[in-house]
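Below: one structure, written as structure tokens.
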Amino acid sequence: MSNKKKALLRMGPVVLLFVVLSVFAWVKPAQDVSLAERRPLAQMPQITWDQLTGGKFMTEFESYTTDQFPLREPFRKLKSFIQFNLLAQKDVNDIYIAEGSASKIEEAVSDKRVENNAQKLQNVYESHFAPSGSQAWFALVPDKNYYLAEKHGYPGMDYAHLLDLTKQTMSFAEWIDLTGALDISDYYTTDSHWRQECIGDAAQTLAEALGVEISQEYTQNLAREDFAGVYAGQSALPLPAEPMYYLTSPVLDGATVFDWETGETTGLYDMEELFGRDPYDLYLSGAAALQVIENPACDTGRELVIFRDSFGSSMAPLLVPGYSKITLVDLRYMASALVPEYVPAQGQDVLFLYAPGVMNSSNLLK
Amino acid sequence: MLFSSIPFAFYFLPVVLIAYFVVPFRFKNAILLLFSLIFYGWGEPIYLLLMVTSIVMGYIFGLLIEKYRGTAKAKVFVVLSVVVSLGLLGWFKYADFAVSSLNTLGLNLVLPNVALPIGISFYTFQILSYTIDVYRGDVPAQKSIVDFGAYVSMFPQLIAGPIVRYSDVAAQLRVRTHSLEKASLGVRRLLIGLGKKILIANQLGQLVEICRASNQPSVVFSWMCAVAFALQIYFDFSGYSDMAIGLGKIFGFDLMENFDHPFMSRSVSEFWRRWHMSLGSWFRDYVYIPLGGNRVPFARWCLNVLVVWFLTGLWHGAAWNFVLWGLYFAVFLVLEKLFLAKWLKKLPGAVARIPVLLILLVSFVLFNAGSLSQFGSDVASMFGMNGLPFLSAQSVYYLRSYALLLIVAIVGATPLVRKVGLRLEKTAVMTWLEPVALCALLLAVTAFLVGGSFNPFLYFRF
């Protein structure tokens, strides 16, 4: 074979591939969002003199071209495949798989951060609710790392220390231990959250501690056959989609949810969210600063205030049978100073229900 | 603009290649100049003015030096050229460092807060070599400002070298051949460089970040950090040099090699003949030899070595750890001259490399240290002197997670891959395997670029 032919053979296919990718990159229409990554994609920046001379255009153009590159998802999957399978790395973007379930490596426990968050919660309770005769409970949601990280040698929190620390710093509230009511099969394999149809024992544990009756006959409804959780999108690992269910009963069907931000009243489950950016928003329409669930089937007049994160969205409906009214406060989206204005203290039960990641966060709770 | 970015690879490069290959030869340097200026101005448009000023001044000084060759005026112009070039470099790169260093002595000067223009150390040294070579009569002055501008600003080597001497490319600026064979070798080299940078260096960079941020430090973690950083900087910088050489070949240029498996060295002096060779030879020809080289008494030679390595360290960064990094090598070069080289020669090949590797690892810990106290703490951690445990759960995890990458990087830093490649190249199977491998490499680097991999560029600060 002549040198020219050899050179052509060496270069031809890769140059052709390069040309195809380049042409595709130039002509491909821009997409608005990446459903897998659950985020908006960068768009073509405006070309102005200021943007050009200030260098802003160049930075934004790089984000745009990277976000809008053709075959973005297959390329992300290829990257994860190389890292996970060829380079044998144990996690991709901090996400690992153990016992067939994906989880994300968490930051180590920071005593100071936990103490700060506990102090914020204590302030809200003691300055506002306690004088009205409220009683407080605290439950730490064991996340997936609790069941997987140490057992499989992944770095993570020292849960024994975190439990001790939260018990100590949240001593104003009665401790509820949920660890025995759950195991790893109660969580989605592709997502960080627990499965509503599997947390009956955890709900019962909470109800017993709170002193309410919640036993119900639930119907398990299939919401989606192909739920791919946040870890599937973030890691781009080949995690099989899984079914997603939600529980209904006549009592739950009669309950209403009022959202203070939108001013809308809906049911406990928002079917429109099922095919949105995060299908987990099916439960109580997802993240919201302040919501009120009214249960006309309960005539005890008993009320509950839950200070919660996203785990609370699927748990709160299961506590509905025990209360006439449940107020859900998410301090990630609402300043604690505003609580007295919007949630009058009337001797309600107060439950603090948080995942370790939130208790260990800095400045997440306002 | 980084080579390892989507805008460069799939937007800038295709346009340059089309423009370059459709115009007749006489316009090719103009196209190179135009796109090199766009490339340079992409990140920091304001510094285009500095680049253009440097080109114009270098060009004029070259013509003046040639015009007055053999007279005192030529000397005046070459001195002026050196003073202006080093003055610009000094202001833009070292003003803040100088002021903050003076302030530690009790002064209270205001920091000028000058931002560092990308690649200024590289193109300043290219202009210096040009005017000095014209003064020495080694090369004639370039009459075409377009050709001279193309030489100074040529984007393949603009921001990370190699430092191309004008004498090496003067003829190629006038006449150079473009062929399929050369271009195919260039494409291969470019992709190998991209692979080294994106698939290896950037991944090792993540490990370094993890080690440094760990809340469970250990002796093993410290060693992992040191090894990963040394390999990261090698694959990062040599990867960029491969890309520059590959792009150069596509445009018809033969740029000098910049790395030759430096971690295989059996002495520190050998290391510097294999690491960033274009910088080492620049300092040899323009500083060390004019100072007298090694044909001087021992004490004077020691001084020459200290001066050269002080400057080499300073070139790498405006901070004391870089200066000390240079002087650290000077000490070992002197020790090698005194006894260490003889001692190392007596050792068997593989064993002789161990102390050299240890010296190099510690040097890169110094290179990577944000401060001298950080360096002290890092070295103490490596040798278990600050009470750290030997292992921690995190270090075990990340050692297992990055073991294969570290092995690939270590093997890749030896000549083994090249030897196997050369042997395979002669076989028939390689004729078909190579294009497949290159396509796979292009897809892999694209995947990492699209996936938004960690992408620092270590040599930007130079």
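Each chain gets a letter, A, B and so on, in the order the sequences are listed, and its residues count up from 1. Side chains included, hydrogens not; waters and symmetry mates left out as well; all remaining heavy atoms used. Computed from a prediction, not measured in an experiment: that's the story for all the values here.
- Summarising the geometry, atom CG belonging to A:N3 is positioned 11.0 Å from atom CG belonging to B:L180; distances are rounded to the nearest 0.5 Å.
- The two residues B:L443 and A:L78 come nearest to each other via the heavy atoms O-CD2, 3.6 Å.
- Between B:V15 and A:W26 there is a side-chain heavy-atom pair separated by less than 4.5 Å.
- Contact annotation for A:T53: only backbone heavy atoms (N, CA, C, O) come within less than 4.5 Å of a heavy atom of chain B.
- Between A:Q83 and B:Q203 there is a side-chain heavy-atom pair separated by less than 4.5 Å.
- Distance alone, capped at 3.5 Å, is enough to place a donor-acceptor pair between the B:Y11 side chain and the A:A25 backbone.
- Environment of CZ in A:R39: crowded, with over 12 heavy atoms of neighbouring residues, nucleotides or ligands closer than 6.0 Å.
- A:L71 does not touch chain B: none of its heavy atoms, backbone or side chain, sits under 4.5 Å away.
- In terms of heavy atoms, A:G153 sits closest to B:Y397 at O-CD1, 3.3 Å.
- The CG atom of B:L191 sits 11.5 Å away from atom CE of A:M11, with the distance rounded to the nearest 0.5 Å.
- Residues A:R10 and B:E425 are paired through a salt bridge, judged by an N-O separation under 4.0 Å between the basic side chain and the carboxylate.
- Looking at B:A183, the atoms closer than 4.5 Å to chain A (heavy atoms on both sides) sit in the backbone and in the side chain alike.
- Looking at A:L52, only its backbone comes within 4.5 Å of chain B, counting heavy atoms on both sides.
- More than 12 heavy-atom neighbours from other residues, nucleotides or ligands sit within 6.0 angstrom of NZ on A:K120.
- Contacts between A:F57 and chain B at a heavy-atom distance below 4.5 Å involve the side chain alone, from C-beta outward.
- Only the side chain of B:E434 comes within contact range of chain A, with at least one heavy atom under 4.5 Å from a heavy atom of that chain.
- Both the backbone and the side chain of B:A444 have a heavy atom closer than 4.5 Å to some heavy atom of chain A.
- Looking only at side-chain heavy atoms (C-beta outward), B:Y398 and A:K90 stay at 4.5 Å or farther from each other.
- The aromatic ring centroids of B:F10 and A:F18 lie less than 6.0 Å from each other.
- Atom CD of A:E150 sits in a sparse spot, with 12 or fewer heavy atoms from other residues, nucleotides or ligands closer than 6.0 Å.
- No more than 12 heavy atoms of other residues, nucleotides or ligands lie within 6.0 Å of NZ in A:K56, so this atom counts as exposed by the packing criterion.
- A distance of 11.0 Å separates CD1 in B:I407 from CG in A:L87, rounded to the nearest 0.5 Å.
- Interface check for chain B: of the options A:D67, A:L8, A:D91, the most heavy-atom pairs under 4.5 Å are formed by A:D91.
- Sparse packing is recorded around CG of A:N363, with 12 or fewer heavy atoms of other residues, nucleotides or ligands lying under 6.0 Å away.
- The shortest heavy-atom contact between B:G451 and A:R76 is CA-CG, 4.4 Å.
- Of all heavy-atom pairs spanning B:C439 and A:L17, the tightest one is O-CD2, 3.8 Å.
- Taken from CD in B:Q206 to CD in A:Q89, the straight-line distance is 7.0 Å, to the nearest 0.5 Å.
- Both the backbone and the side chain of B:L185 have a heavy atom closer than 4.5 Å to some heavy atom of chain A.
- Looking at A:N93, there are no atoms closer than 4.5 Å to chain B (heavy atoms on both sides), in backbone or side chain.
- B:S5 and A:E62 get closest at one heavy-atom pair: CB-OE2, 3.5 Å.
- Atom CG of B:L433 is surrounded by more than 12 heavy atoms from other residues, nucleotides or ligands within 6.0 Å.
- The CZ atom of B:F12 sits 13.5 Å away from atom OG of A:S22, with the distance rounded to the nearest 0.5 Å.
- Judged purely by atom type and a 3.5 angstrom limit, B:W42 has no side-chain atom pairing as donor or acceptor with the backbone of A:G55.
- Looking at A:T66 and B:L449, their side chains never come closer than 4.5 Å, going by heavy atoms from C-beta outward.
- Taking CD from A:Q68 and CD1 from B:I6, the interatomic distance works out to 12.0 Å, rounded to the nearest 0.5 Å.
- With a 4.5 Å cut-off on side-chain heavy atoms, A:K4 and B:S179 do not count as touching.
- A donor-acceptor pair is defined here as one N or O able to donate and one able to accept, closer than 3.5 Å; such a pair exists between the side chain of A:R72 and the backbone of B:V450.
- The number of heavy atoms from other shown groups lying within 6.0 Å of CD1 (B:I46) does not exceed 12.
- Atom CD of A:E73 has more than 12 neighbouring heavy atoms from other residues, nucleotides or ligands inside a 6.0 Å radius.
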